[in-house]
Amino acid sequence: MRFLTFPATLALVFCLASPGTQAQGVAAFPRQPLTLVVPFPAGGPTDAMARVLTQKLSERLEQPVVIDNRGGAGGGIAAELVARAPADGHTLFFGTTGTMSINPSLYKKLRYDPVKDFAPVSLMATTMNVLVVNPEVPAKNLADLVQLAKSKPGEFAYGSAGNGSSNHLSGELFKSIAGVQISHVPYRGSSPALVDLLGGRIAMMFDTIAVQTQNIAAGKVRALAVTGPRRSPLLPDVPTAQEAGLKGFDVTIWFGVLAPAGTPAPIIERLNREIVTVMATDEMRKRMQADGAEAKTTTPAEFAALIKQDTAKWAPVVKASGATLD
């Protein structure tokens, strides 16, 4: 009779034990507090969106879900951190349209791969911008603005939160589809841009709906269109850009959760199931609506497809804008 040597016997034992051990580890998930890495500083809109989710997700998982704000490099520092983290589901990334679909075109040397380095879990919510103009601009609707801009090429300027921001690229997409020449003025955030808009130093800007609702109601700015595929419940009388004549114009900003690539499928499925459950509640839907957003979840495969779709969509817009942050 021939006997196995000790190393071979040990290897066989590990092979036989491995599936059960792995299954036990997955079944025990989560076995410790989770960290959701947010790619922007505390207090901003992305951070606020993440905190709404973690509070309820902690209850579902029966483990704390802790926010770790890692701003810098347009979200690249946070993304790289999660991409290099253990693939056990305990370190997650709060991804956005910018970090996952715009940065690949904006940065020549991106230190993470949005597709290869991550396992999408689920979308959480979407939001949109609103195009507002200073009341002194003689445009009562989007068609008026397009006609006005065409009659005076280069005379109108729009502000943004900075190169590569969603409101910057909203403006670039507007220029491309409408066929107008307007100047871009980048600011260090939306707040100083809004100050100049109210002061008449710039004519227009694309901004988040939640920020602009009070200004619109007070007549400080005039809303011409929202950038999403449907009207906003906060601005039901404001048409979408497509309704107003800009066919193909859609700027939907999304937020979602991703894990490091290689995270076991059962863990991804568990996280997806809990996020979908949390976001389906009336409480979360109402909270999102109050912030000008819409609760929206997906399967992991649907989220992966959206990332690729938006990457292809924004690449030519970024190229045409000439924006780069390297």
Side-chain angles (χ1 to χ4, degrees), residues 45 97-98 102 106 127-228 231-232 234-253 292 314 316-323 325:
T97 310
I102 294 176
L106 200 58
T127 186
M128 63 183 99
N129 289 327
V130 58
L131 172 58
V132 291
V133 298
N134 182 282
E136 297 300 317
V137 175
K140 301 300 181 183
N141 53 52
L142 192 58
D144 287 348
L145 181 64
V146 170
Q147 185 176 2
L148 191 63
K150 286 183 175 180
S151 68
K152 299 179 179 180
E155 290 192 24
F156 292 95
Y158 75 98
S160 80
N163 285 322
S165 62
S166 68
N167 39 24
H168 169 209
L169 297 180
S170 294
E172 293 301 316
L173 188 61
F174 171 68
K175 287 167 58 177
S176 173
I177 293 179
V180 296
Q181 295 179 33
I182 54 176
S183 303
H184 171 229
V185 182
Y187 292 81
R188 292 182 177 273
S190 293
S191 295
L194 178 58
V195 170
D196 276 5
L197 175 66
L198 297 176
R201 286 176 285 278
I202 56 174
M204 67 193 84
M205 72 178 292
F206 291 85
D207 201 7
T208 56
I209 292 174
V211 170
Q212 290 292 347
T213 49
Q214 290 187 347
N215 291 324
I216 294 168
K220 294 181 179 179
V221 296
R222 183 183 303 119
L224 301 186
V226 294
T227 66
R231 295 191 183 200
S232 168
L234 294 182
L235 299 171
D237 296 328
V238 179
T240 67
Q242 294 194 54
E243 286 179 318
L246 286 188
K247 301 302 180 184
F249 188 96
D250 179 7
V251 180
T252 300
I253 302 126
W314 288 113
V317 179
V318 173
K319 183 176 181 180
S321 74
L325 294 180

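In this structure, NZ in K140 is found 4.0 Å from CZ in R222, a value given to the nearest 0.5 Å. We find the OG-CG distance between S170 and D250 to be 10.0 Å, quoted to the nearest 0.5 Å. Remark: N163 CG to L106 CG distance equals 8.0 Å, nearest 0.5 Å. The CZ atom of F174 lies 5.5 Å from the CD1 atom of I182; values are rounded to the nearest 0.5 Å. Between the CG atom in D207 and the OG atom in S166 there is a gap of 8.5 Å [rounded to 0.5 Å].
Nearest heavy atoms, F249 versus A241: CD2-CB, 3.4 Å. Annotation for V185 and A157: closest pair CG2-CB, 4.0 Å, computed over non-hydrogen atoms. N167 and A161 get closest at one heavy-atom pair: OD1-N, 3.1 Å. Listed here is the closest heavy atom pair of A225 and L142: CB-CD2, 4.2 Å. Taking all atoms of both residues into account, the shortest heavy-atom contact from N134 to L198 is ND2-O, 3.6 Å. Closest non-hydrogen pair, V226 versus R231, comes out as CG2-CA, 4.3 Å.
Proximity of L169 to V251: side-chain heavy atoms (C-beta onward) are nowhere separated by under 4.5 Å. Between L145 and F156 the shortest side-chain heavy-atom distance does not fall below 4.5 Å. Contact check for Q212 versus L235: no side-chain heavy atoms found under the 4.5 Å cut-off. Considering only heavy atoms from C-beta on, F206 stays 4.5 Å or farther from H168 through its side chain. Side-chain atoms of V132 and M205, non-hydrogen and from C-beta on, do get closer than 4.5 Å to each other. T127 places none of its side-chain heavy atoms less than 4.5 Å from the side chain of I209. Between T227 and L131 there is no side-chain heavy-atom pair separated by less than 4.5 Å. Side chains of L194 and N215 form a contact here, defined as non-hydrogen atoms less than 4.5 Å apart.
When atom types are taken as modelled, the side chain of S176 and the backbone of L173 share no donor-acceptor pair closer than 3.5 angstrom. Within the 3.5 Å criterion, the main-chain N or O of A210 finds no donor-acceptor partner in the side chain of T208.
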Note to self: Let's go through M128 and T252 carefully: what are the C-alpha distance in whole Å and the side-chain angles of both, what is the deciding distance for side-chain contact (heavy atoms from CB on, under 4.5 Å) to 0.1 Å, and is it a yes or a no?
What the structure shows: CA-CA 5 Å; M128 63 183 99; T252 300; 5.6 Å; no
Check: After noting the C-alpha distance and the side-chain angles of Y187 and D196, does the key distance pass the side-chain contact (heavy atoms from CB on, under 4.5 Å) rule?
Finding: CA-CA 10 Å; Y187 292 81; D196 276 5; 2.7 Å; yes
